[in-house]
Amino acid sequence: MASSSRSQFTSRFGFIMAAAGSAVGLGNVWGFPTQAASNGGAVFLIVYLLMVFLLAFPMLVAELTIGRYGQANSIRSFRAAWPKGKVPMMALGIVGMIVASLILSFYGIVAGWLMGSFAESGLTLIGMKQQGLWLTTYSVPRNLVLMIAFMLLTMYVVRNGVAQGIEKWSTRLMPVLFVLFIVLTLYIFTQDGALEGLKMYLVPDFSQLTPGLAVSAMGQAFFSLSLGVCVMTTYGSYLPKNTNIPKTAAQVALIDTGVAFIAGLMILPAMFVAKHNGVEIFSDSGALLNSDTLVFTVLPAMFDSMGMIGAFVGVIFFLLMIIAAMTSSISMLEVPVSCVTEELKLSRTKAVLVIGGIIIAISATIVCNFQLLFGAVIQLTTVYSQPIIALLITLTVGWIWNRHQILAELKQGYPELENSWFWKIWPWYVRIICPILMLMVFFT
Ligand code: PFF
């Protein structure tokens, strides 16, 4: 099955940066803190950590293993796991590819706004605030221009391939992201009001625990680890055979969860710093105002109230968000691009142009029918499609794929696997517990 000319990640570090780059994105820096702030803070954090450990991590191992076994795009990798069930397996790969493209079509719009906010903070810094206003004021042309700019950047990186594009840029950008992140978090801690946010984030109030919270936490965990969209299957297919998959998956999950945790440490205190500075963030009933636009309204208002240094902090913050979004968007685009280059034998450049063009067209349609489509596409992809595809993947790995093949595949990078705790638990876990947990969460 393996074709020797297929590209691979050139180092384990490179793979970890790329996979963690895919996982770490707006979901961590924007989604997780906003969800935590609207769902009881510390209680959400606890349920989220449980979901990552109990569901997302075993799923991540499953997706990476299928991909590495298949050594091909997701359509072909799923087919390899169950050669007799060609049609349903190919359908699963195709649906995954479509969902990845749809996620990119809304992700690109949000990332475009971040580029606008970044440029505006930069202009403010050099005293040209007025000229930057267009960039942050909602309008269809502004949304279109910024989305296209972001998509072109994403296409540029993916066109350069796995090692020269994805790996190179992920290993450059991810460390920068970590450093900027820590600096900004420490800075926010020094501001008045930060302590109140920390308290909300770290001291649980169990009266806030509701069944709906588990559903939100599960969705957030899947989105955050880029599961149920074939991204990890595709990245797994570029993984050398001597890589220890469970260990690598654990490291990726740890980095992703660590970044989400630190994002919470930054954003929740930042909200209270903003409140301290007179920005309204909670309604009278205690609900979070504008939760969807938190980073675009509350944070810039906070940066504004901090004077000149605020503009500087704003530039760093939005740069951080763009980097995080970029390493995720390239992973989404890679899913359809790998399918098209391998299945239709198109060159990478052509595939990137065609698929990128289609996604830009879908994105533009969303921009022009924003009220109708934006929320609906997010709902369709992240609330329904991702968990359902993830469920089908656990069923494939747990019930359909031959156990000896799975063992042989994992053993290549982990020779002592058979005697490990991991192998005693994981196959049963993926077979029984993961589907039951997912269905339980769905139907509560
Ligand atoms: N994991 C990314 C984030 O947390 O922002 C989002 C994401 C990337 C979702 C890739 C889906 C995907 F295929």
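Quick caveat, the model's predicted, so the values are computed rather than measured. Counting convention: from 1, in listed order, for ligands and their atoms alike.
Residue-ligand proximity, G25 to ligand 1, at heavy-atom distances under 4.0 Å covers atoms 3 (C), 4 (O), 5 (O). Using a 4.0 Å cut-off to heavy atoms of V231, the atoms of ligand 1 that qualify are 12 (C), 13 (F). Taking a cut-off of under 4.0 Å to the non-hydrogen atoms of M332, the atoms of ligand 1 that pass are 7 (C), 8 (C), 10 (C), 12 (C), 13 (F). Taking every heavy atom of N28 and a limit of under 4.0 angstrom, the matching atoms of ligand 1 come to 4 (O).
Q71 and L239 get closest at one heavy-atom pair: NE2-O, 4.1 Å.
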Give the intermediate values and the outcome of side chain to side chain donor-acceptor pair (under 3.5 Å) for residues R12 and T248.
-> CA-CA 8 Å; R12 213 169 78 85; T248 309; 2.9 Å; yes
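With a 4.0 Å cut-off on non-hydrogen atoms, S331 touches ligand 1 through its side chain and not its backbone. Here Y107 has side-chain heavy atoms under 4.0 Å from ligand 1, and that is the only part of it that gets that close.
Ligand 1 has no N or O atom lying under 3.5 Å from any N or O atom of V24, backbone or side chain. Polar contact with ligand 1: present for S224 (N/O pair, distance under 3.5 Å). Ligand 1 has no nitrogen or oxygen under 3.5 angstrom from a nitrogen or oxygen of I103.
No heavy atom of A100 sits closer than 4.0 Å to any atom of ligand 1.
R68 places a side-chain N or O within 3.5 Å of a backbone atom of E409 that can act as its donor or acceptor partner. With hydrogens and angles disregarded, no donor-acceptor distance shorter than 3.5 Å links the side chain of T233 to the backbone of N73. Between the side chain of E334 and the main chain of T234, no donor-acceptor pair closer than 3.5 Å is present. Side-chain atoms of E63 come within 3.5 Å of backbone N or O of G228 as a donor-acceptor pair.
With respect to atom 8 (C) of ligand 1, the closest heavy atom belonging to the protein is S226 OG, 3.3 Å. Atom 4 (O) of ligand 1 has A23 O, 2.9 Å as its closest protein atom, hydrogens excluded (heavy atom only).
For the residues G27, G21, S22, the heavy atom positioned nearest atom 2 (C) of ligand 1 is part of S22.
Partner of L102 under the side-chain contact (heavy atoms from CB on, under 4.5 Å) criterion, chosen from I98, V99, L104: I98.
Note: Y235 and F15 have perpendicular aromatic rings, judged against thresholds of 30 and 60 degrees for the angle between ring planes.
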